[in-house]
Amino acid sequence: MRSIFRHRLLGVYEERVTIWNAGSMDEAIERAEAEAVEYCSDLDEVEYVRFSEAYAFDGVPEDGAEVFSLMRESKRPPEEYVRRFFATDDERTGSL
């Protein structure tokens with residue numbers, strides 16, 4: 001599940017990807033949304049913006065398993081597409 005959160009004090013949005021073992025997509029979404037609310041309750045000035053995307057896969061995730069996929073139509077050339085949606089210079093990234 002990919003969910004979006006707003007950190008008001010920091011002035012940033014966070015995208016979190018979590019994995020849920022569930023019997024159905026509806027169950028996974030329900031559990032993920034409950035966890036999103038709990039996640040916010042443990043942090044100051046963080047809100048779940050009520051936007052999540054789910055991705056179902058079969059089996060147990062192993063090395064290289066695809067756990068999320070999003071397809072978006074765009075006529076933008078690759079460099080412009082990446083700048084528009086992923087590398088906007090507003091991201092906070094760092095070493096793991």
Side-chain angles (χ1 to χ4, degrees):
M1 179 73 64
R2 177 182 180 207
S3 302
I4 310 297
F5 300 85
R6 178 178 171 216
H7 292 254
R8 290 186 293 267
L9 293 176
L10 299 175
V12 300
Y13 285 87
E14 174 187 12
E15 295 180 39
R16 287 177 73 223
V17 175
T18 55
I19 297 175
W20 299 91
N21 290 319
S24 69
M25 186 72 83
D26 287 340
E27 179 189 352
I29 291 168
E30 183 178 311
R31 290 175 57 204
E33 288 182 338
E35 188 277 338
V37 171
E38 183 178 325
Y39 174 74
C40 292
S41 72
D42 292 338
L43 301 168
D44 291 330
E45 296 295 317
V46 177
E47 66 179 306
Y48 170 47
V49 302
R50 305 280 180 220
F51 179 84
S52 292
E53 296 175 314
Y55 179 78
F57 62 95
D58 293 323
V60 177
E62 297 177 5
D63 286 352
E66 182 176 284
V67 296
F68 185 79
S69 177
L70 171 81
M71 298 178 89
R72 178 185 290 128
E73 291 185 23
S74 177
K75 295 189 182 337
R76 299 172 194 270
E79 289 179 9
E80 184 181 326
Y81 179 87
V82 169
R83 275 195 313 274
R84 169 66 172 90
F85 295 106
F86 298 99
T88 65
D89 292 330
D90 293 325
E91 296 83 10
R92 292 185 177 195
T93 59
S95 301
L96 295 177

List for me each residue that meets ring pair (Phe, Tyr, Trp, His ring centres under 6.0 Å) alongside F51, sequence neighbours excluded, and say none if there are none.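 With neighbours one apart ignored, the set is empty.
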Within 6.0 angstrom of D44 CG, more than 12 heavy atoms from elsewhere: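 No, the 6.0 Å shell around CG holds no more than 12 heavy atoms from other groups.
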Where do R72 and L70 come nearest, in terms of heavy atoms and distance?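 Between these two residues, the closest heavy atoms are NH2-CD2, 3.5 Å.
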Just to verify, what does [X] make a salt bridge (charged side-chain N to carboxylate O under 4.0 Å, His left out) with, not counting sequence neighbours?
X: R84; result: none
X: E80; result: R76
X: R8; result: E45, E47
X: R31; result: E27

Tell me, please, which residues at least two apart from [X] pass side chain to side chain contact (heavy atoms under 4.5 Å, CB included).
X: Y55; answer: F57, E66, F68, S69
X: S41; answer: E38
X: E79; answer: R83

Within the structure provided, determine whether V67 and M1 are in side-chain contact (heavy-atom separation under 4.5 Å).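 V67 does not reach M1 side chain to side chain.
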Mind checking what makes side-chain hydrogen bond (donor to acceptor under 3.5 Å, both in side chains) contact with Y13, not counting sequence neighbours?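 For Y13, no residue satisfies side-chain hydrogen bond (donor to acceptor under 3.5 Å, both in side chains) once neighbours in sequence are set aside.
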Taking transitive links into account, so neighbours of neighbours count too, which hydrophobic residues share a cluster with [X] at under 4.5 Å side-chain distance?
X: M71; value: none
X: L10; value: V12
X: Y39; value: F5, L43, V46, Y48

Kindly compute the distance separating [atom1] ([X]) from [atom2] ([Y]), expressed to the nearest 0.5 Å.
X: R2; Y: S52; atom1: CZ; atom2: OG; result: 10.0 Å
X: H7; Y: C40; atom1: NE2; atom2: SG; result: 7.5 Å
X: E53; Y: S3; atom1: CD; atom2: OG; result: 9.0 Å
X: E35; Y: T18; atom1: CD; atom2: OG1; result: 6.0 Å

